[in-house]
Amino acid sequence: MDDLKGMSARTRLVHAGRHPHDNHGVVNPPVYHASTILQPSLAVWEDSRKPDFDGYRYGRAGTPTSRSFEEAVADMYGAADAVAVSSGLAAIACALMAVLKAGDHLLVSDSAYFPTRKFCNQMLARYGVETTYYDPRIGGRIAELLRPNTRAVFTEAPGSLTFEMQDIPAIAAAAHAHGAVVLTDNTWGTALHFDALAKGVDIVVEAVTKYICGHSDIMMGTIASNAEHAGAVRDMVRMHGNCSGPDDLYLAQRGMRTMAVRLKQNEANGLALAGWLEGRPEVAKVLHPGLPSHPDHALWKRDFTGACGLFSFVLNPVPRAALAAFLDGLELYGMGASWGGFESLILPGDPKALRTATTWDEPGQLLRIHAGLEDAGDLIADLEAGFDRLNAAARAAA
Ligand SMILES: *Cc1c(COP(=O)(O)O)cnc(C)c1O
């Protein structure tokens, strides 16, 4: 469909980027496997070397399969352009490199996804970019950290593992008054729940690996930009030689079509689990911005239209054997990195080791849950049985 303007994100998610009648009426776009793309004449060949060439020139530079996915992502975000890359981390790296140069200063949230920190501390530092980490709850006071050479602010809300919200509109207003670019990692919010560009973000990255894909079987990232930054971002991705395979692009696009209904169930299950965990004596704290008890709940309600299935909770301190008894006997929660698929996951995390601008003082173990699409009652029963094992093991160790 060509004119989706004014329609809701849920509708755009279903139709954007698809042109069935250009393709024999087939509902989904074709999968083009391509490196070489032939040009029919010298004149077209010469045209194809020009930067504004509208056709296809080489597999790495785009095929109808990648273009259709990118068009859909740009549409979801109301962005001037979106580009697909090989992973969520590649999206973060390319977006940062597109706006930074030697001598620049960068502000990054202290609760950012850890590989983002590693990229800043090791890669960007090597190329002469200095990074300062800020308290995710800093809001408009970020103005105090802006230096004459501060070129960009990298936000992520809620924070990885610890789920602090950020006042992105206030941060963006301060950054823009200073001439700095605002980026956000919107993997948790997705285009459905956080309208990043409308809230003042210039460049939004998302790990397609998570909810857009939704089935735990591909790695991909995307960068959606406003008109000011779209050209620089696409150019940086091309210079890196970064691209995605056609089968993965196809699966990502197929996942996108059902994302809104999946997310509803992820959200409902996550909130059901988080609410139930809050009432458990074994639990010290639940970190889910959708809970009214969360310190940033009002901010989440103001800026987001929903939650996904990812949140954390902190146990009261228990011996390691009790933690192992809890985790090892779970039937429905797999222990593995990543999230956003149809299945539930649980992982221990250690935020203490990942912070420099703020501290993490919880004495108990943090556990991050991804609520999948299973029945919420079954998911709760599995955790309940886990707490029985945990308590028995803690008594045995005492
Ligand atoms: C997983 C994740 C990424 C990275 O995505 P990959 O596709 O695994 O590289 C980036 N940001 C957040 C918040 C993530 O959870």
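Quantities reported herein were computed from a predicted structural model and do not represent experimental measurements. In each ligand, atom 1 is the first atom listed, and ligand 1 is the first ligand listed. Note that the numbering runs from 1 along the sequence shown for the chain.
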Among protein heavy atoms, which lies nearest [atom], and at what distance?
atom: atom 2 (C) of ligand 1; value: Lys210 NZ, 2.4 Å
atom: atom 6 (P) of ligand 1; value: Gly88 N, 3.3 Å
atom: atom 12 (C) of ligand 1; value: Asp185 OD2, 3.4 Å

Tell me the contacting part of Trp339 for ligand 1: side chain, backbone, both, or neither, using a 4.0 Å heavy-atom threshold, strictly below.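 The side chain, only.
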Verify whether the ring centers belonging to Tyr211 and Trp339 lie closer than 6.0 Å.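 Distance test on ring centres: under 6.0 Å, yes.
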Tell me if the CZ atom of Phe53 is crowded by more than 12 foreign heavy atoms within 6.0 Å. yes
For atom NE2 of His33, is the number of surrounding heavy atoms from other residues, nucleotides or ligands below 6.0 Å larger than 12? yes
Between Ser160 and ligand 1, is there a nitrogen or oxygen pair with a distance under 3.5 Å? no
Based purely on interatomic distance, does Met219 place a nitrogen or oxygen under 3.5 Å from a nitrogen or oxygen of ligand 1? no
State whether a side-chain donor-acceptor pair under 3.5 Å links Ser225 with Asp81. no
What is the ring orientation for Phe311 with His288, classed by angle as parallel under 30°, tilted 30 to 60°, or perpendicular over 60°?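 Rings of Phe311 and His288: tilted, as their planes differ by 30° to 60°.
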Sub-4.0 Å heavy-atom contact, Glu156 with ligand 1: yes
Under 4.0 Å from one or more heavy atoms of Ser87, ligand 1 contributes atoms 7 (O), 9 (O)
Counting from 1, what ligand 1 atoms have a heavy atom of Thr209 closer than 4.0 Å?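 In order of number, 6 (P), 7 (O).
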Does Tyr56 have Arg67 sitting over its ring (NZ/CZ under 6.0 Å from centre, angle to axis within 45°)? yes
So, is the end of the Arg49 side chain (NZ or CZ) under 6.0 Å from the ring centre of Trp45 and within 45° of the ring's axis?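 Yes, cation above the ring, under 6.0 Å and within 45°.
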Relative to atom 9 (O) of ligand 1, which among Ile92, Leu89, Leu161, Leu310 owns the nearest non-hydrogen atom?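 Of the listed residues, Leu89 has the closest heavy atom.
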